Amino acid sequence: MSTPVEQWLPGMDISAERLGAMQQAASLLVTNYGADGSGTADADPGIQLALNAARDLGGAQVVVPPGIFLTGDTLRIYDNTRLTLMAGAELRRHHAGTMIINGDAGQDLGGYTGHSNIVIEGGLWNMRGTTVGLTASAMCISIGHATDITIRDLEVRDLPGFHAIELNSTSHGLIQNCRFRGYVDPGGRDFSEAIQLDLAKSAGVFGGFGPYDHTPTEDVLVIGCHFGASGTAGTTAWPRGVGSHSATITKWHRRIRILGNSFEGVLQYAVSAYNWEDTTIVGNTFLDCGSGVRLRTVIVSDTEDTKLPDGTQTSASQNMRNLVIAGNSFRGGLAYDEPIVALGETTGTVLNLAITGNVIDGSTSAQNGIRLQGTSRATVGDNSINNVAGTGISTEDCNTLTVTGNNIYNSGTHGVTVVDGINVNCVGNQIREPGNNGILVQGGNFLQIRDNSIRSPGRATNNTFFGIRLSTSSDSVNLSGNKVRPHGSGNEAAYACSVTSTVTTVSRYGNDWRGTYGTGNFNYEGGDTSNTSAADLT
């Protein structure tokens, strides 16, 4: 026999003894306040009375027992409240607005001083986005100007237009073991995130209440959650899993951790880290998603995002820094964008980036495995990249970049590209059967291409591509210790290594170009002027 307890926990076994104990212990069981759990009448007045009672007590636990509770109006939760839906409890939206928000319309609590220390846990939160009268954009759980927020062990289903959870202007948030299943685009909302991290920028960004003081979100952990489809007719999986799509210059979302989640069939970016800093994205799985992880500085073409808090237009981006993408698994899909992509602007660079130990298997529509543009002080290391339609690792306009220890197999175009890079080391990678070049260098200077192993380059077209290709006025290139081997049958590279006449200041030593290629082993189009001495260069 189950024993009575003083508080309910999500998924706890239900018994008459336990239910009676809760009625006596807290008197905040919503049915005691008139909430009807039959699913035939609006229950929100009773639920709100219980939430108000918790507020008036200075904080308490409010419990929703098993049943279907229609919400005919937005629920409001206040300081120090724990709202627990027991196993078998469903909140079923029955109005066109938000399901629950922390506080009252018209309140003016800035920074992180709004209603805080809140736990929302358990149950099914059914937004019914395909139901007549409920198809317009709406929010499920909306939190703003808050601190110490925990949301766990619940499912949000079939939401139209906006977000399952928005943490806006929130510090210290935990979203754990939640399911986000089913989404409806009412039109023009093909980019919505299940979990949005945002700042108090304007009523158009966060409509619940002000003030609009540009407070960002920080110290958030999203762990052990699932993002995908519900299977309800007329719905899809979420466009995006976790992300942001608003910004203000001089503000950042900081200390964001996305750990151990699963993203299945997400249509666009599973994680879109827009203007985030001090971020770790670790140990997640991505299956058949439009794209995996995007790191993005403020987009210059978005004239709202390039304003200062006082409204002054900067027409510029800003740097974002200290980002880790590690130990994630990406499989299939990926037609919207790359599995991993980091994009900076001329006026805003992605700084201090580590992309390590990820496994990527498959992409379509010519997407690369990993793409970096406008990054600085970055390491791409020890990743396994397989069967991507484009380039295994594509880099452009990167400064102080190390690409090392990666295993790249069967990329549709190149193994690694270094375009207009400065201070780039491409060292110790293994590249097998790329469709085009093993390593392609175009432009840039102070480059090391060293100790790479390339097998079977040029598989897409015979006698056209190269194991290593240096071109387009690259300068100050060290080419040493590399090994290139042909496939032995079928399409072969034209040369193991080819250097165009515009490339200058090349030092070359200890490479192994042996084998039978389409034309020859080594080609220097302007005549070989590289320094091949084994002696020190002084």
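The shown structure was predicted, so the numbers you read here are calculated from the model rather than taken from an experiment.
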Residue pairs, two or more places apart or on separate chains, that pass side-chain hydrogen bond (donor to acceptor under 3.5 Å, both in side chains) and touch residues 34-55: Asp36-Ser38, Ser38-Thr40, Asp42-His94, Gln48-Asn52
Considering only residues two or more places apart or on different chains, which pairs with a residue in residues 324-334 satisfy side-chain hydrogen bond (donor to acceptor under 3.5 Å, both in side chains)? Asn284-Asn328, Asn328-Asn358
What residues form a side-chain contact (heavy atoms from CB on, under 4.5 Å) with [X], not counting sequence neighbours?
X: Gln107; answer: Asp104, Leu109, His115, Phe209
X: Ser171; answer: Tyr112, Thr147, Glu218, Asp219
X: Ala53; answer: Leu28, Tyr33
X: Thr356; answer: Ala326, Ala354

Residues forming a salt bridge (charged side-chain N to carboxylate O under 4.0 Å, His left out) with [X], sequence neighbours excluded:
X: Glu277; answer: Arg254, Arg321
X: Asp337; answer: Arg371
X: Lys251; answer: none

Can you pull out every ring pair (Phe, Tyr, Trp, His ring centres under 6.0 Å) where at least one residue sits in residues 148-168? Sequence neighbours excluded, please. His163-His245
If we ignore hydrogens and angles and just use 3.5 Å, is the side chain of Asn168 paired with the main-chain N or O of Gly144 as donor and acceptor? no
Please set out all donor-acceptor pairs under 3.5 angstrom arising from side-chain atoms of residues 180-191, sequence neighbours excluded.
| unit_1 | atom_1 | unit_2 | atom_2 | d |
| --- | --- | --- | --- | --- |
| Arg181 | NH1 | Glu155 | OE1 | 3.4 |
| Tyr183 | OH | Gly161 | O | 3.1 |
| Tyr183 | OH | Arg189 | O | 2.6 |
| Tyr183 | OH | Ser192 | OG | 3.4 |
| Asp185 | OD1 | Gly187 | N | 2.8 |
| Asp185 | OD1 | Arg189 | N | 3.0 |
| Arg189 | NE | Gly161 | O | 2.8 |
| Arg189 | NE | Ser192 | OG | 3.1 |
| Arg189 | NH2 | Gly161 | O | 3.4 |
| Arg189 | NH2 | Ser192 | OG | 2.8 |

List in chain and number order the residues that pass side-chain hydrogen bond (donor to acceptor under 3.5 Å, both in side chains) with Arg128, two or more places apart in sequence or in another chain; answer none if no residue qualifies. none
